[in-house]
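Some notes on the structure that comes next.
None of these values were measured; they are calculated from a predicted model.
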Amino acid sequence: MTNRYPVPSIDSAIAALRWSLVFIFFFFGTAKFALYEAEGVARIASHYPLFAWMYPLWGPRIASDVIGTIELATGAALAFGAFSPRISLIGGLMGMCTFLITLSFTLGVPLWQEGYGFPFIGSLAQFLFKDAGLLAGCYAIAVFSARKVGLARG
């Protein structure tokens with residue numbers, strides 16, 4: 001059976017995924033430099049062992065700036081990765097680390113909206129659970145890039 005309709009290439013699918021992730025990292029990273037976001041992040045991150053040390057040392061504003069800088073660097077690596085499979089691999093791995101960390105926050109925070117119960121998640125869970133899809137997107141870019149570089153077969 002012949003295909004009568006053109007099928008988009010995997011390259012176009014990865015490009016769409018890449019640029020949507022660049023968009024997300026740009027806006028989420030930029031938001032970390034705003035006071036409202038710094039305070040919001042501090043409510044979660046200041047109690048998390050990986051980040052807790054930053055808050056007494058620098059305060060919520062600079063801690064959030066550091067996190068934002070890492071997110072912007074990840075977005076830049078993904079963007080430049082459109083032209084370099086090695087940089088793309090680095091960006092994909094950085095994104096995976098980002099979302100693995102944020103998903104690990106779910107281990108210590110209330111996920112269900114008070115008064116509703118399971119399966120009605122609260123706004124914090126909604127914010128964190130979306131990162132599972134973003135993790136999968138970064139994983140796809142990392143695998144695609146590793147194959148382009150010759151580090152994986154397939």
Side-chain angles (χ1 to χ4, degrees), residues 1-34 36-38 40-45 47-52 54 62-113 116 118-154:
M1 176 177 206
T2 60
N3 188 355
R4 295 186 298 168
Y5 304 102
V7 177
S9 70
I10 190 71
D11 289 340
S12 69
I14 291 293
L17 184 57
R18 172 186 314 284
W19 293 109
S20 66
L21 286 164
V22 168
F23 179 83
I24 289 167
F25 274 109
F26 175 77
F27 282 103
F28 278 47
T30 300
K32 298 295 186 293
F33 292 89
Y36 78 92
E37 183 71 6
V41 169
R43 281 194 291 277
I44 302 169
H47 304 291
Y48 190 70
L50 188 61
F51 297 108
M54 293 192 306
I62 295 177
S64 187
D65 290 353
V66 169
I67 295 167
T69 300
I70 293 168
E71 290 180 356
L72 290 172
T74 302
L78 288 167
F80 288 116
F83 311 103
S84 167
R86 290 186 194 282
I87 296 173
S88 181
L89 176 59
I90 292 167
L93 293 172
M94 289 172 69
M96 288 174 60
C97 288
T98 298
F99 297 121
L100 284 170
I101 290 167
T102 58
L103 282 168
S104 72
F105 288 168
T106 62
L107 301 175
V109 297
L111 300 175
W112 278 264
Q113 188 72 39
Y116 295 141
F118 182 83
F120 304 107
I121 58 176
S123 59
L124 181 58
Q126 291 176 31
F127 171 73
L128 294 173
F129 286 179
K130 65 144 175 43
D131 288 355
L134 297 171
L135 170 63
C138 289
Y139 174 73
I141 287 177
V143 168
F144 180 80
S145 303
R147 289 180 177 171
K148 287 259 189 194
V149 171
L151 297 175
R153 290 193 284 211

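- Within 6.0 Å of atom OH in Y48, more than 12 heavy atoms from other residues, nucleotides or ligands are found, so the atom counts as buried in its surroundings.
- In this structure, T74 OG1 and L21 CG are separated by 10.5 Å, a value rounded to the nearest 0.5 Å.
- Using a 4.5 Å heavy-atom threshold, the side chains of F144 and R147 count as separate.
- Scanning both residues, A79 and V22, for their nearest heavy atoms gives N-CG2, 3.5 Å.
- When the side-chain contact (heavy atoms from CB on, under 4.5 Å) test is applied to F26, the partners found at least two apart in sequence or on another chain are T30, L72.
- One finds the CE atom of M94 at 11.5 Å from the CD1 atom of I87 (value rounded to the nearest 0.5 Å).
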Hey, can you pull the donor-acceptor pairs under 3.5 Å for the side chains in residues 130-143, sequence neighbours left out?
| residue | atom | partner | partner atom | Å |
| --- | --- | --- | --- | --- |
| K130 | NZ | F127 | O | 2.9 |
| D131 | OD2 | T102 | OG1 | 2.5 |

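- Ring pair F105/F129: centre-to-centre distance not below 6.0 Å.
- Residue pairs meeting the salt bridge (charged side-chain N to carboxylate O under 4.0 Å, His left out) criterion with at least one partner in residues 67-76, sequence neighbours excluded, are K32-E71.
- When side chains are defined from C-beta on, I67 counts as touching F51, because their heavy atoms get closer than 4.5 Å.
- Residue pairs meeting the salt bridge (charged side-chain N to carboxylate O under 4.0 Å, His left out) criterion with at least one member in residues 76-95, sequence neighbours excluded, do not occur.
- Closest approach of Y36 and A31 over heavy atoms only: OH-CB, 3.8 Å.
- The OG atom of S145 sits 8.5 Å away from the CG atom of L93 when rounded to the nearest 0.5 Å.
- When the ring pair (Phe, Tyr, Trp, His ring centres under 6.0 Å) test is applied to F33, no partner is found at least two apart in sequence or on another chain.
- For residues 7-26, the pairs satisfying side chain to side chain donor-acceptor pair (under 3.5 Å) are R18-S88, with sequence neighbours left out.
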